A.B. asks: 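The structure under discussion is supplied below as structure tokens; questions concerning it will follow.
Counting starts at 1 for both ligands and their atoms, in listed order. Treat the numbers as computed from the prediction; the structure is a model and nothing was measured. Below, all heavy atoms of this structure are taken into account, side chains as well, without hydrogens, waters or symmetry copies.
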Amino acid sequence: MSQNKYFVIDFDSTFTQVEALDILGEIALKNHPEREKRLKQIKDLTDKGMEGGISLRESIIERISILEAHKSHISELIERLTDKISKSFKRNIEFFETNRDKIYIVSNGFKDFIVPVVTPMGVKEDHVFANTFEYDSSGNITGFDSTNVLSSNQGKVKVLQELGIEGDIYVIGDGYTDFEIKKSGVANKFYAFTENVERGSVLEEADHITPSLDEFLYLNKMNKAISYPKNRIKVLLLENIHPRAVEIMKEEGYQVEVYAGGLDEDELCEKIKDVSILGIRSKTQVTRKVIEHAKRLISVDAFCIGTNQIDLQACVEKGIAVFNAPFSNTRSVVELAISEIIMLMRNLPDKASLMHQGIWNKSAGNSFEVRNKKLGIVGYGNIGAQLSVLAEAFGMEVYYYDIIEKLALGNAKKCSSMEELLNTVDIVSLHVDGRPENLNMIGEREFDWMKKGVVFLNLARGHVVDVKALRKNIESGKIIGAGVDVFPEEPKTNQDEFVSELRGLNNVILTPHIGGSTLEAQVNIAEFVPGKIIEYINTGSTFNSVNFPNLQLPAFENAHRLIHIHKNVPGILANINNVLAKHDINIVGQYLKTNESIGYVITDIDKEYDKDLIGALKDIEHTIRFRVLY
Ligand code: NAI
């Protein structure tokens, strides 16, 4: 960066997130009967002035008269504005401190509040150019110094002309008056600052659009507080992902593109090229070919439970972390299971359907309470364990069987075999995962092990039950009621017919794979997955990743974090540490975890280091990916 670069920065909606006169209005009109109406008038006048719709002087005069403000309101205003300094300005305070002599604040606002807000950030008082209020003898704001050029059109241009700065002038602002400086030829470049507001007419004129000060510093190769401007992280969300997820990712500063539908392989190969984060649901196939087309992909994220649609191995080989939402809809499945158990024990599906045919069949036959009944849970994972807790609250006696050791919750009893469990219980509920070995896990033999008159639920995966055998056992009366939500073959769309041997049976609840489909679950997923992504991007933490070694990392402060992903071959950690030693690096913390494919090494080091270090680490053989965080 050349020595002769000067920075002219706007105040309202640029240095601070807000328009100061709007806030002054909120303070001054606190108890005014026309408060809302007047605040709206002030906002409209600000916008008109900013977009070049009315003359600046008119806009200031009118706003001051509506405000009815007083000197005593100014100190509260300063406090509130200080709180609202733009986030990227706050974190880049070093930019203001190190470039004090080159930074000017030029604003059509008022020095009365601008100076006290900007000087603690390092800006020089005599580098602030703005209007000043006029007060009457009782302290009411009655007007402004109309001889100040900043109260007139082209005022900013005039200030810069008078300053006669020799060097390149870069203007950062959100309004038309900021662009005018460049237009007049006084400044070299105009950066439209969009962290707080975006004004269409201004964006069109900008040399660059900068969604944050980080982006400005990045473009100008200057030191910045964070390693990479977040607006450069492009997110592609497919398949109608819940708007809450979009909102969270935008709040984080990412550039988010949303598609209601999915994309096929070829479309995705094209779109994926410059995408950093890809969010999908169950339909989009993220194949090896798609992954090979990705140039900047950091993470693929399933906004659902299953990840079969993603080539996890292809992702891991390219150092792309995959996350999903393994328990965001757990509660929804459990509630459906509980309700079905109760309904089936009361023979409700039949009773309700008879009523619709006009048949009144009042009887207690085949109707039972669930209290004191024995519930058998096969698969004591997220869902099985949660069901265990709720079922006990209903007074049921819970038994479970799992192939791995699981802690029994409450008074649940562990069974040492499937046979023992099925021999014991009155109700069987399956909650195993869909691994291939579980194909037909429940067949003739297992139905034989069950007691007569059992209730049976499968809300897990269709292929884990031999459906023919299930039908036979329902027809024979061995199973007195069944709830099935998942099927070996499910219709691809709502337009396709549901074909199954389970249709047309008494006391059988069939549902279209909706165990986890609730609005609450959708919101949970929309909050959980972005949380994982943001944590991974900001800290490197891979906890709960589906394909990466799981590392939960401590926060890092006053350090740079080096993230090294490599093929899992012997000796890499030693190579990394040799490079660090050669560069005399002081290691603050180091974490390593591997899986069959990759090694994941995090090294926190002191902030001061020779920049050649980065190249040397990237050059280590078998490195898949390397990034620095700060
Ligand atoms: P999880 O992975 O937390 O639990 C599965 C448990 O089953 C594990 O503890 C595992 O050790 C155990 N397991 C696997 N094979 C077994 C076997 N042969 N015998 C005994 N135990 C076995 O999974 P989570 O979240 O509890 O989900 C369970 C099932 O529910 C999955 O199949 C999932 O696809 C399904 N699901 C269905 C939904 C729906 O809409 N109906 C929604 C959400 C999940």
Side-chain angles (χ1 to χ4, degrees), residues 281-283 302-310 312 323-341 375-391 398-409 412-422 424-425 428-443 445-446 449-450 456-466 482-491 498 500 502 509-522 524-525 528-529 544-546 550:
R281 289 169 69 183
S282 53
K283 284 203 206 97
F303 283 72
C304 53
I305 316 296
T307 50
N308 297 345
Q309 70 281 37
I310 303 169
L312 297 175
F323 294 96
N324 66 342
F327 26 73
S328 294
N329 62 6
T330 298
R331 173 73 191 210
S332 303
V333 179
V334 170
E335 287 192 13
L336 187 66
I338 289 279
S339 71
E340 291 196 352
I341 291 168
L375 167 65
I377 298 173
V378 186
Y380 206 61
N382 295 322
I383 295 175
Q386 171 99 200
L387 174 61
S388 168
V389 173
L390 260 69
V398 176
Y399 293 79
Y400 70 91
Y401 168 67
D402 200 295
I403 42 173
I404 57 173
E405 194 56 40
K406 290 278 177 174
L407 172 74
L409 299 181
K413 295 169 197 71
K414 190 175 92 175
C415 295
S416 49
S417 68
M418 177 91 88
E419 187 174 1
E420 182 192 338
L421 178 105
L422 297 181
T424 312
V425 300
V428 177
S429 195
L430 306 184
H431 300 287
V432 298
D433 53 68
R435 68 186 74 186
E437 303 87 291
N438 284 343
L439 176 70
N440 292 336
M441 181 189 83
I442 303 289
R445 183 182 61 160
E446 288 72 23
W449 287 338
M450 293 180 200
F456 177 80
L457 294 190
N458 180 13
L459 279 63
R461 285 298 184 96
H463 70 260
V464 305
V465 176
D466 173 350
V484 186
D485 186 44
V486 286
F487 306 87
E489 268 139 44
E490 297 179 359
F498 165 65
S500 168
L502 297 174
I509 302 174
L510 300 180
T511 44
H513 203 148
I514 39 115
S517 308
T518 62
L519 293 182
E520 288 87 347
Q522 291 303 309
N524 285 345
I525 293 171
F528 184 86
V529 179
N544 272 327
S545 166
V546 184
N550 276 207

A.B. asks: What I want to know is whether Met441 and ligand 1 share at least one N or O pair that is separated by under 3.5 angstrom.
C.D. replies: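 By distance alone, the answer is no.
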A.B. asks: Who are the side-chain hydrogen bond (donor to acceptor under 3.5 Å, both in side chains) partners of Thr511, not counting sequence neighbours?
C.D. replies: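 If we apply the side-chain hydrogen bond (donor to acceptor under 3.5 Å, both in side chains) test to Thr511, skipping adjacent residues, the hits are Asp485.
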A.B. asks: When you measure from atom 14 (C) of ligand 1 to every protein heavy atom, which one gives the shortest distance, and what is it?
C.D. replies: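 Ranked first by proximity to atom 14 (C) of ligand 1 is Asp433 OD2, 3.3 Å.
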A.B. asks: List every atom of ligand 1 that sits less than 4.0 Å from any heavy atom of Ile404, numbering the atoms from 1 in the order shown and giving each element.
C.D. replies: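 Selected atoms, number and element: 11 (O).
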A.B. asks: What part of Val333 sits under 4.0 Å from ligand 1 if we count only heavy atoms: the side chain, the backbone, both or neither?
C.D. replies: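 It is the side chain that touches ligand 1; the backbone stays farther off.
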A.B. asks: Any idea which atoms of ligand 1 are less than 4.0 Å away from a heavy-atom of Lys406?
C.D. replies: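 Those qualifying, in numeric order: 9 (O).
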A.B. asks: Sub-3.5 Å donor-acceptor pair from the side chain of Asp402 to the main-chain atoms of Tyr380, do we have one?
C.D. replies: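 Answer holds: yes.
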A.B. asks: Between Glu437 and ligand 1, which residue portion shows a heavy-atom distance shorter than 4.0 Å: side chain, backbone, both, or neither?
C.D. replies: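 For Glu437, no heavy atom sits under 4.0 Å from ligand 1.
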A.B. asks: Looking only at heavy atoms, what is the nearest atom pair of Met418 and Met441, with distance?
C.D. replies: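 Smallest heavy-atom distance, with atoms named: CE-CG, 3.7 Å.
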A.B. asks: Answer yes or no: does an N/O atom from Val486 fall short of 3.5 Å to an N/O atom of ligand 1?
C.D. replies: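 N/O-N/O distance below 3.5 Å does not exist for this pair.
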A.B. asks: How does Asp485 reach ligand 1, by side chain, by backbone, by both or by neither, if only non-hydrogen atoms under 4.0 Å count?
C.D. replies: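 Only the side chain of Asp485 comes within reach of ligand 1.
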A.B. asks: What protein heavy atom is closest to atom 32 (O) of ligand 1, reported as residue, atom name and distance in Å?
C.D. replies: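 Minimum-distance protein heavy atom for atom 32 (O) of ligand 1 reads Val432 O, 2.6 Å.
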A.B. asks: Give the residue, atom name and distance (to 0.1 Å) of the protein heavy atom nearest atom 4 (O) of ligand 1.
C.D. replies: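 Of every protein heavy atom, Gly381 CA, 3.2 Å lies nearest to atom 4 (O) of ligand 1.
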A.B. asks: Check each heavy atom of Thr330 against ligand 1 and say whether those closer than 4.0 Å belong to the side chain, the backbone, both or neither.
C.D. replies: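 Within the 4.0 Å criterion, Thr330 makes no contact with ligand 1.
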A.B. asks: NZ of Lys283: more than 12 outside heavy atoms within 6.0 angstrom?
C.D. replies: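 No, NZ of Lys283 has 12 or fewer neighbouring heavy atoms, counting only those of other groups under 6.0 Å.
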A.B. asks: Check ligand 1 against Gly515 and write out every atom of the ligand that is under 4.0 Å from a heavy-atom position of the residue.
C.D. replies: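 Matching atoms, with element in brackets: 39 (C), 40 (O), 41 (N).
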A.B. asks: Once you measure the plane-to-plane angle for Phe528 and Phe327, does it fall in the parallel (<30°), tilted (30-60°) or perpendicular (>60°) bin?
C.D. replies: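 Ring orientation of Phe528 relative to Phe327: perpendicular.
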A.B. asks: What part of Arg435 sits under 4.0 Å from ligand 1 if we count only heavy atoms: the side chain, the backbone, both or neither?
C.D. replies: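 It is the side chain that gets close, since no backbone atom is under 4.0 Å.
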A.B. asks: Considering only heavy atoms, does Asn438 approach ligand 1 within less than 4.0 Å through its side chain, its backbone, both, or neither?
C.D. replies: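 The side chain, only.
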A.B. asks: Would you mind checking which non-hydrogen protein atom is closest to atom 5 (C) of ligand 1, with the distance to 0.1 Å?
C.D. replies: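 That would be His431 O, 3.5 Å.
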A.B. asks: When you measure from the side chain of Asp466 to the backbone of Gly443, do you find a donor-acceptor pair of N or O atoms at a distance under 3.5 Å?
C.D. replies: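 Side chain of Asp466 to backbone of Gly443: no pair is present.
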A.B. asks: Please report the shortest heavy-atom distance between Ala302 and Thr307, naming the atom on each side.
C.D. replies: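 Where Ala302 meets Thr307 most closely, the heavy atoms are CB-CG2, 4.1 Å.
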A.B. asks: Indicate yes or no for a side-chain donor-acceptor contact from Glu490 to the backbone of Pro512 under 3.5 Å, with no hydrogens or angles considered.
C.D. replies: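 No, the answer is negative, given that no donor and acceptor are paired below the 3.5 Å cut-off.
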A.B. asks: Considering non-hydrogen atoms of the protein only, which is the closest contact for atom 3 (O) of ligand 1, and what is the distance?
C.D. replies: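 Ranking protein heavy atoms by distance from atom 3 (O) of ligand 1, first comes Asn382 N, 2.9 Å.
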A.B. asks: If every non-hydrogen atom of Leu375 is compared with every non-hydrogen atom of Val425, which pair is closest and at what distance?
C.D. replies: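 The answer is C-CG1, 3.8 Å.
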A.B. asks: Please determine whether any non-hydrogen atom of Phe327 lies less than 4.0 Å from an atom of ligand 1.
C.D. replies: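 For ligand 1, residue contact (heavy atoms, under 4.0 Å) with Phe327 is absent.
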A.B. asks: Just so I know, are the side chains of Asn324 and Cys304 near enough to count as touching, which here means a heavy-atom distance under 4.5 Å?
C.D. replies: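 The answer is no; the side chains never approach within 4.5 Å.
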A.B. asks: For atom 34 (O) of ligand 1, what's the nearest protein heavy atom and its distance?
C.D. replies: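 For atom 34 (O) of ligand 1, the nearest protein heavy atom comes out as Arg461 NE, 3.0 Å.
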A.B. asks: Measure the shortest side-chain to side-chain distance between Lys414 and Tyr400 over non-hydrogen atoms and say whether it is less than 4.5 angstrom.
C.D. replies: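 Contact flag for Lys414/Tyr400 side chains = yes.
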A.B. asks: Sequence neighbours excluded, which residues qualify as ring pair (Phe, Tyr, Trp, His ring centres under 6.0 Å) partners of Phe303?
C.D. replies: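 For Phe303 there are no ring pair (Phe, Tyr, Trp, His ring centres under 6.0 Å) partners, ignoring immediate neighbours.
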A.B. asks: Answer yes or no for atom 9 (O) of ligand 1: protein heavy atom present at a distance under 4.0 Å?
C.D. replies: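 Yes, there is a protein heavy atom closer to it than 4.0 Å.
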A.B. asks: Quick one: nearest non-hydrogen protein atom to atom 30 (O) of ligand 1, plus distance?
C.D. replies: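 Looking at atom 30 (O) of ligand 1, the protein heavy atom closest to it is Ile383 CD1, 3.5 Å.
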A.B. asks: From atom 13 (N) of ligand 1, work out which of Ile377, Ile403, Thr518 has a heavy atom at the shortest distance.
C.D. replies: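 Checking each option, the heavy atom nearest atom 13 (N) of ligand 1 is found in Ile403.
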A.B. asks: What protein heavy atom is closest to atom 37 (C) of ligand 1, reported as residue, atom name and distance in Å?
C.D. replies: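 The closest heavy atom on the protein side is Leu459 O, 3.2 Å.
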A.B. asks: One thing to verify: whether Glu419 and Arg445 come together as a salt bridge, which I'm taking to mean a side-chain N less than 4.0 angstrom from a carboxylate O.
C.D. replies: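 No.
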